[in-house]
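Just below is one structure, and these are the notes that go with it.
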Amino acid sequence: MAERQVKVTTDVGLHARPAAVFVQSAAQSSEDVTLAKFDPAAESQNRVNAKSILAVLGLDVRNGDEVIIASEDAEAVDRLAALVTEETS
Amino acid sequence: MTARIVSPVAGKVVGLPGVPDPVFAEGMVGPGTAVDPDRGPGVAVAPISGVVQKLHPHAYVIVDAEGRGVLVHLGIDTVKLDGEGFQLLTEEGAHVAAGAEIVRWDAGAIEQGGRSPVVPVIALDAPADRVTVTGADYVHTADPLFTWE
């Protein structure tokens, strides 16, 4: 399992437009891909299906949030991490 | 069961290609349609009966009892307004009926601010062939807009 925790630097986080791009990129993987908004106070992180736009919008990821991206597909994890850490969205 | 999605605003049905944002226009957010709203102060309503899953000033998602989520996005690039000019009339977690008032806003003011007030209404995670746009040329608030099988 590949897993990366990154800080979201895109200016509006994962709102409709960037979320759609994120989900479409996740959907290119044949493996399951999960996304969680890192909560340091939680015992276990709430991981959602990164291929679902409803689930990703529901996380309400904003600029400055830390997210955890995980999959058996390490390339997908790197690709998605790059998407949320771009300087401009 | 087929869900009947109603228009959150009154205006001209322009379809997703009428949205000046390629991500919406190409259906990447999901299938659905878009309404070019009447200018002036107005109230955007729930497009479907369900729970308010996400409520931002410029956008909201209502999820019905079968888990179908519908996104209403009030104008394009309006996230950058930081809520200015929008008044929330409900809260996240609330159960609402289709047609219930969700956000008070002013499409004319959005346009005067240099942004498009066009309202995409999107069936989230839906395959495109399950959505049929039924709204005619012009819709009033809460008129039928599309069905989702």
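First the proteins, then the strands, lettered A, B, ... as listed; each starts at 1. Any value given below was found using the heavy atoms of this structure, including those in side chains, with hydrogens, waters and symmetry copies removed.
Applying side chain to side chain contact (heavy atoms under 4.5 Å, CB included) to B:Leu124 and the options A:Val23, A:Val56, A:Leu54 leaves one that passes, A:Leu54.
Of residues 34-42 of chain B, no residue lies under 4.5 Å from chain A by any heavy-atom pair.
The hydrophobic clustering, which links ILVMFWY residues whose side-chain heavy atoms are closer than 4.5 Å, places A:Leu59 and A:Ile69 together. The cluster map of Ile, Leu, Val, Met, Phe, Trp and Tyr, joined by side-chain heavy atoms under 4.5 Å apart, puts B:Val139 and B:Ile102 in the same cluster. A chain of hydrophobic side-chain contacts below 4.5 Å, direct or via other Ile, Leu, Val, Met, Phe, Trp or Tyr residues, connects B:Val61 to B:Val118. Hydrophobic clustering of Ile, Leu, Val, Met, Phe, Trp and Tyr side chains at less than 4.5 Å, counting indirect connections, unites A:Val33 with A:Leu83. Using a 4.5 Å cut-off between side-chain heavy atoms of Ile, Leu, Val, Met, Phe, Trp and Tyr, with links allowed through other members, B:Val121 and B:Val133 fall into the same hydrophobic cluster.
The contact between A:Val21 and chain B is made by backbone and side chain atoms together, counting heavy-atom distances below 4.5 Å. At a 4.5 Å heavy-atom cutoff, the contact between B:Val29 and chain A is made by backbone and side-chain atoms alike.
Listed by first and then second residue, the side chain to side chain donor-acceptor pair (under 3.5 Å) pairs involving residues 99-109 of chain B are B:Gln87-B:Arg104 (not counting sequence neighbours). Counting only residues at least two apart or on different chains, the salt bridge (charged side-chain N to carboxylate O under 4.0 Å, His left out) pairs with a member in residues 132-148 of chain B are B:Lys12-B:Asp137.
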Could you work out all donor-acceptor pairs shorter than 3.5 Å where one atom is in chain B and the other in chain A?
unit_1: B:Asp21; atom_1: OD2; unit_2: A:Arg17; atom_2: NE; d: 3.3
unit_1: B:Asp21; atom_1: OD2; unit_2: A:Arg17; atom_2: NH1; d: 3.3
unit_1: B:His56; atom_1: NE2; unit_2: A:Asp60; atom_2: OD1; d: 3.4
unit_1: B:Asp77; atom_1: OD1; unit_2: A:Arg17; atom_2: NH2; d: 2.4
unit_1: B:Asp125; atom_1: OD1; unit_2: A:Ile53; atom_2: N; d: 2.8
unit_1: B:Asp125; atom_1: OD2; unit_2: A:Ser52; atom_2: OG; d: 2.6
unit_1: B:Asp125; atom_1: OD2; unit_2: A:Leu54; atom_2: N; d: 3.4

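Heavy-atom neighbours of B:Met1 CE from other residues, nucleotides or ligands within 6.0 Å: at or below the threshold of 12.
Among all heavy-atom pairs drawn from B:Val23 and A:Ala20, the shortest one is CG1-CB, 3.7 Å.
One distance of note links CD1 of A:Ile53 with CD1 of B:Ile122; it measures 9.5 Å at 0.5 Å rounding.
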